[in-house]
Every structure is written in C-alpha cells, then in structure tokens.
Number of protein chains: 2
Amino acid sequence: MLTNQPKTESIANLRTDAGLASALRVSLARLNRRLRKQAAQHSLTPTQLATLAAVERHAAMTPGELAEHEKVQPPSMTRVIAKLEERGLLARSPHPTDRRQVTVSVTAAGATLLKEERRTKEAWLARQLKGLTAEEKATLRAAAPILEKLSKT
Amino acid sequence: MLTNQPKTESIANLRTDAGLASALRVSLARLNRRLRKQAAQHSLTPTQLATLAAVERHAAMTPGELAEHEKVQPPSMTRVIAKLEERGLLARSPHPTDRRQVTVSVTAAGATLLKEERRTKEAWLARQLKGLTAEEKATLRAAAPILEKLSKT
DNA sequence: TATTGTTATACTCTATAACTATA
DNA sequence: TATAGTTATAGAGTATAACAATA
C-alpha cells in the first residue's frame, strides 16, 4: 500500500437529525458487518437463510408468497426451496384446498439450524457487551426498542 | 397461505446480557435490511461498493490488499476492479517501486457516487428520526458511540 | 525460486421465457 | 382464460488452476 493512513473520519454533528443519521448509518453498517461474520457453520446463502426464517415466522407459506416476501422471482424461489428441502430443513406438502399450490413448512432440523444461527450471533454480541459499563448497557437497553421503531415507520 | 399468524416474538429479558444481545441482534438486522433497500441508483454489487469504499478510505491500495480486505480471491478482485474501472469509478496506475504491482485509487466520479450513496441512506434515516421524540433521539445519540465500540472490541 | 496480478474455466445463484396442471 | 408452480436456458459473480511478468 502506498498511503496506509485512513482519512480522518468526518465527525458528524450529533445534535442535528442529519448528523445523528450519519453517525448511526456508519455504526450500524460496521456492527452488522462484524455480526454477519459470526454466522454459524451451515453454508446457507443469505436468501436461503432469510427464506427459512420467513417460513418459520409465518408457520406455513406457499412458494409464491415466499418469492414475494424475499423479493425474488418465483423460479428462483423454487430453487431455493429445493435446496432447503434437499438438506431436510424445509418440507413441502400439498395445499389443502387448491391443488395448484404447495405448502412449505420448517422441519425440526430447520428450526434447530435457525436456533443455532441466532445463538452464535448472540453469543458474540453478549461477549462484546461484557466490555461495556453498566451505564452503557443501560443506554443500549433503552435504544433497542427505538432502533426497532425506526425500521417500522 | 394457511396460517398467516406470525408467531409471537419471544420477548427477550433485556436485563441480562444474553437478552440484550438477542434484542439488539433482531433490531440491528431489521434496520440494516431496511437501510440496504435505500441504496442510490448506481447498480453496484455489494462487493463493488465495499471495494470502492475501501479504496477511498485507504487512499490507495493494490489489488492484493483489496482482495484480502474484502475477503475475496485475487482473481475475483481483478474482475471487480475491472468493472469499476470500466465505469470510471476507479483508476489503475503503476506501482512506483514494484513493477509487478498495481495501485488503485478512486476517481472523482467514484467519490461522487459514494457520497450520493451515503446521502441517500442518511436522508432516509433522518426522515425516520423525525418521527421520534426528543428523548428518544437523545437515547440514540448516546447509543451511537457505544454501538461503534461494540464492533471494535 | 517466490510473489503479484491476470487469464481460462467451472460452479452457484438468480433472472426471463416457456410449459404443465389446476381453478 | 387465469393462476401456481416448475423446467429450460442465459447472465452475473466468484472460485480454483494455470500462466506471465517481476522481485
């Protein structure tokens, strides 16, 4: 490398909405990047993992609904489901009323994988939290529901 | 869909580190998902965008360093750089001391694109912040540096 | 001989288009 | 005739292996 000096990070003015937005964007991106690296050893693609989680969350879905939910085209979802079924994480069953449709649900193995995935990431986060003061943790406790709110608006 | 009812989100016990970690993981993932959708209209892949940002941040890098930094293989980085150079966002120049190596730097167009990308995401975040109370925003102001700290530990 | 970067080639993921079965 | 899902095929991105240039 020629010039290894990182440019000085522009210090955002936290008192303005724009400044706070800027600081949050940087912090959130960085933390999520670190968190993503903590994935459990399951070798699922992001779409596969998100699909599995969506099926679990909604208890039972059709391929069409899943394609819509994950913003992929139906043929792509067919492949994703096939891969997950092949690995025994999802099960396909006939739709009770419309024989054109198919119902997809999470198997016990799929639920276990999701649990393990979450456990791994949360264990890393919990380890990081140990390095904080009680006051800092209190701030994060207060912030968590607000961050949740931000994505809902 | 058969049963559209989402399972009730398990309410984490925020008082424990594990509970806080769980709540944070969910909030962070959701918010980042929303944020990623706010990308500016530049049609760069995540790797391309991250590479461009890395070069900007480190002022000048070689392909090998970039491959290492972005956790891709050197041949893949060659392609990424080629794409970015083709679009005029990166420039390649000979290394001053080692003629085997190459130096990569961001062009004015590349810097403009990065700026626009950040501006778009921050504008969305700032809009979301407007829906919060002054107290909630104060909490986030306090939380931002702590989140930053979490990824550094 | 070791290292840096590139080219050749194969695999994976996702898209569009065409097809089958059912409503 | 319209809809749900699948199969066929193509394009984009990344990997490994082989190669060229330089240290």
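Hydrogens, waters and symmetry mates are skipped; everything else that's a heavy atom, side chains included, is used. The sequence lines fix the lettering, A, B, ..., with proteins before strands; numbering per chain opens at 1.
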>> Please check: side-chain N/O of Q48(A) versus main-chain N/O of V80(A), any donor-acceptor pairing under 3.5 Å?
In response: no
> Would you say the side-chain atoms of H95(A) pair up with the backbone N or O of T97(A), donor to acceptor, closer than 3.5 Å?
Replying inline: yes
[N] [atom2] sits how many Å from [X] [atom1], rounded?
{"X": "R92(A)", "N": "dG5(D)", "atom1": "CZ", "atom2": "P", "value": "9 Å"}
{"X": "E65(B)", "N": "dT3(C)", "atom1": "CD", "atom2": "C1'", "value": "14 Å"}
{"X": "I81(A)", "N": "dA4(D)", "atom1": "CD1", "atom2": "P", "value": "14 Å"}
{"X": "E85(A)", "N": "dG5(D)", "atom1": "CD", "atom2": "C1'", "value": "13 Å"}
{"X": "Q101(B)", "N": "dA2(C)", "atom1": "CD", "atom2": "C1'", "value": "13 Å"}

> Which residues satisfy the side-chain contact (heavy atoms from CB on, under 4.5 Å) test with T120(B), sequence neighbours excluded?
Replying inline: A40(B), E116(B)
> Sequence neighbours excluded, which residues qualify as side-chain contact (heavy atoms from CB on, under 4.5 Å) partners of T107(B)?
Replying inline: A91(B), A109(B)
Listing time: all N or O pairs from protein to nucleotides 19-23 of chain C that are below 3.5 Å?
residue, atom, partner, partner atom, Å
dA23(C), OP1, R99(A), N, 3.3

>> With a cut-off of less than 4.0 Å, is there a side-chain N or O of T78(B) near OP1 or OP2 of dG5(C)?
In response: no
> Less than 4.0 Å between a side-chain N and a carboxylate O, is that true for R127(B) and D17(A)?
Replying inline: no
>> Between E148(B) and R25(A), does any side-chain N to carboxylate O distance fall below 4.0 Å?
In response: no
>> Per the salt bridge (charged side-chain N to carboxylate O under 4.0 Å, His left out) rule, what does the pair list look like for residues 67-88 of chain A, sequence neighbours excluded?
In response: E85(A)-R92(A)
> Residues two or more places apart in sequence or in another chain: which of them pass side chain to side chain donor-acceptor pair (under 3.5 Å) with R99(B)?
Replying inline: none
Just the atom pairs and distances: protein N or O near nucleotides 12-17 of chain C's N or O, under 3.5 Å.
residue, atom, partner, partner atom, Å
dT14(C), OP1, T47(A), OG1, 2.7
dA15(C), OP2, Q73(A), N, 3.1
dA15(C), OP2, S76(A), OG, 2.6
dA15(C), N7, S76(A), OG, 3.4

